Amino acid sequence: MSRQVFLYDPPERFVAGTVGLPGRRTFFLQASAGARVTSVALEKTQVAALAERMDELLDEVVRRSGGSASVPAMAPTEISDAAPLDTPVEEEFRVGTMALAWDGEEQRMIVEAQALVELDADSEEDLAEAEERLLQDEENGPPMLRVRLTGVQARAFAKRALDVVNAGRPPCPLCSLPLDPEGHVCPRQNGYRRGA
């Protein structure tokens, strides 16, 4: 069976969003063009890492080009996207690995999110060999979402993604762990329950 690649070059919309209440949210990347929508699930830490790394890569592109690249220093407010995810949100796969690259000729950010794959191996060496084979198998690898973004789209994506990550539960002022609406057992209070 050949690899399924969900390609958006360029997408009309590429956003990070959530479904559910804070503390029980499921995070998604969602790309769309016309009537076609692809949603992939991932962890909050993956969304944060993707957005931070994307901003770092864009900053490096601006620095190396001396400001001549078509990348804004900040996300333009006129293209900000605060709308919810397109519904129904149907998960194509859960993301395992992600990759970022900058195509200097086309002036595009390439984002790849590949499905999580369970590898069966008896030893560390077997696991390393299985991972290497999987990465080299372009035709038969796991499903992948590949999105090509302009510099402006990439900045807007990164800003929204960080906003989504930071919109969760507020941190406890004592221990910085997330506060639940029903209370919080704070380790700095020796386990006494604090109200939100």
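Predicted, not measured: the structure shown is a model, and the values here were computed from it.
- The minimum heavy-atom distance between Gln153 and Pro11, with the atom names listed, is NE2-O, 3.2 Å.
- Residue pairs meeting the salt bridge (Lys or Arg N to Asp or Glu O under 4.0 Å) criterion with at least one member in residues 5-21, sequence neighbours excluded: Asp9-Arg148, Arg13-Asp81, Arg13-Asp86.
- Salt bridge Asp163/Lys159: present, at least one basic N to carboxylate O contact under 4.0 Å.
- In the hydrophobic clustering, Val89 connects to Val15, Val19, Phe28, Leu85, either directly or through intervening members, whenever side-chain heavy atoms lie under 4.5 Å apart.
- Here the shortest heavy-atom pairing between Asp55 and Ala158 reads OD1-CB, 3.6 Å.
- You'll find the side chain of Pro143 stays beyond 4.5 Å of the side chain of Arg3, heavy atoms only.
- With sequence neighbours left out, Gln107 forms a side chain to side chain contact (heavy atoms under 4.5 Å, CB included) with Ala69, Ser70, Trp102.
- Scanning all heavy atoms of the two residues, the minimum distance from Val164 to Ala16 falls at CG2-O, 3.5 Å.
- Arg63 CZ to Glu60 CD: the interatomic distance, rounded to the nearest 0.5 Å, is 4.0 Å.
- Considering all non-hydrogen atoms of both residues, Cys186 and Leu174 come closest at SG-CB, 4.0 Å.
- Taking every heavy atom of both residues into account, Leu162 and Ala48 meet most closely at CD2-O, 4.3 Å.
- Every pair passing salt bridge (Lys or Arg N to Asp or Glu O under 4.0 Å) that includes a residue from residues 35-49 is listed here, sequence neighbours excluded: Glu43-Arg94.
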Starting from the C-alpha separation in whole Å, work towards a yes-or-no answer on side chain to side chain contact (heavy atoms under 4.5 Å, CB included) for Met144 and Gln4. CA-CA 6 Å; Met144 177 192 296; Gln4 186 175 15; over 6 Å; no
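- Here Val152 is tied into one hydrophobic group with Ile79, each link being a pair of ILVMFWY side chains closer than 4.5 Å.
- The CG atom of Leu100 lies 6.0 Å from the CG atom of Leu57; values are rounded to the nearest 0.5 Å.
- Using modelled atom types, one finds no donor on one side chain facing an acceptor on the other under 3.5 Å when comparing Glu91 with Ser39.
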Evaluate side chain to side chain contact (heavy atoms under 4.5 Å, CB included) for Val111 paired with Leu50, printing each intermediate quantity in order. CA-CA 9 Å; Val111 181; Leu50 177 62; 4.2 Å; yes
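- Taking Phe14 as the reference, Phe157 meet the ring pair (Phe, Tyr, Trp, His ring centres under 6.0 Å) condition, with sequence neighbours excluded.
- Contact detail for Tyr8 and Thr38: the closest heavy-atom pair is OH-OG1, 2.6 Å.
- For Asp59 and Arg155, the salt-bridge test passes: some basic side-chain N is under 4.0 Å from an acidic carboxylate O.
- With rounding to the nearest 0.5 Å, the separation of OG1 in Thr97 from CD in Gln46 is 9.0 Å.
- Taking the side chain as every heavy atom from C-beta outward, Met98 and Leu42 approach each other to under 4.5 Å.
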